[in-house]
Amino acid sequence: MRLSPSVTEILTRPPDLAPAMHTTLAAIDIAAFGDRRRDDEIQLRLRRQMYALLAEACAMGSLPWWDCHREDRGDGALFVAPQQVPAELFLDPLAHHLTAVLRRYNRLAGDAVRLRLRLAVHSGLVHRDDHGVAATPWCTCSGCWSPAPSSAPSTAPRPTSG
């Protein structure tokens, strides 16, 4: 069984999603993608490697990578599973297999191309439009690694004079 997909296979879109469905989605992100040591060539290599490792981990865990709706996010990706895929498969075995293939890759990688991936998984109602997907679960996933605001707005009542 061939585990390493070609770039063409990775970029080929699966069949369209239903306009709205309850399913599992996952977001993956390359930590420190914009590090100043990572020029365009290195960033492109990291993206190719992220997709190859993700496809390999999905194949190891019998997740239907080729049937998932996939959207590139520059330094990461969003993928939405077909409705019949149980959410548990994204946590175990996917997270385990992704860790294993990532460790194997990083063992021989130099500092600039060493990958640290972040994976967030959620399930819920996903809506599709002409530009991709929108969903509260996606906002939850992407918020898992967003930096905390430097100063949150105060909810305390303002003092009044008088």
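Numbering of residues begins at 1 and proceeds along the displayed sequence. Note that this is a predicted model, so its numbers are computed, not measured.
- For the atom pair NE2 of His69 and OG1 of Thr23, the computed distance is 11.5 Å after rounding to the nearest 0.5 Å.
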Run the side-chain donor-acceptor check on residues 104-114: report pairs under 3.5 Å with partners two or more places apart or on a different chain.
unit_1, atom_1, unit_2, atom_2, d
Arg104, NH1, Glu56, OE2, 3.0
Arg104, NH2, Glu56, OE1, 2.9
Arg104, NH2, Glu56, OE2, 3.3
Tyr105, OH, Val113, O, 2.7
Asn106, OD1, Leu115, N, 2.8
Asn106, ND2, Leu115, O, 2.7
Asp111, OD1, Arg114, NH1, 2.8
Arg114, NH2, Ala109, O, 2.6

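- By the 30° and 60° cut-offs, the orientation of the rings of Trp65 relative to Phe79 is perpendicular.
- Taking the side chain as every heavy atom from C-beta outward, Leu89 and Leu94 never approach each other to under 4.5 Å.
- Each ring-ring contact (aromatic ring centres under 6.0 Å, His included) pair with one or both residues in residues 27-50, not counting sequence neighbours, would appear here, but there are none.
- Hydrophobic clustering (ILVMFWY, side-chain heavy atoms < 4.5 Å, transitive): Trp66 and Leu98 are in one cluster.
- Contact between Arg38 and Gln43 at its shortest, heavy atoms only, is O-NE2, 3.5 Å.
- Atom CE of Met50 is separated from atom CG of Asp72 by 6.5 Å, given to the nearest 0.5 angstrom.
- In this structure, Gly61 and Pro93 approach most closely via the heavy-atom pair CA-CG, 3.7 Å.
- Here the CE-CG distance, from Met21 to Leu125, works out to 9.5 Å after rounding to the nearest 0.5 Å.
- Annotation for Val101 and Ala57: closest pair CG2-CB, 4.3 Å, computed over non-hydrogen atoms.
- No path of Ile, Leu, Val, Met, Phe, Trp and Tyr side chains, each step under 4.5 Å between heavy atoms, connects Leu44 with Leu53, placing them in separate hydrophobic clusters.
- Between the CD1 atom of Ile30 and the CZ atom of Arg116 there is a distance of 12.0 Å, given to the nearest 0.5 Å.
- For Arg45, the CZ atom is loosely surrounded, since the number of other residues' heavy atoms within 6.0 Å does not exceed 12.
- Listed by chain and residue number, Glu41, Ile42 satisfy the side chain to side chain contact (heavy atoms under 4.5 Å, CB included) test with Asp39 (two or more places apart in sequence, or in another chain).
- Within the 4.5 Å cutoff, no side-chain heavy atoms of Thr24 are placed close to those of Val85.
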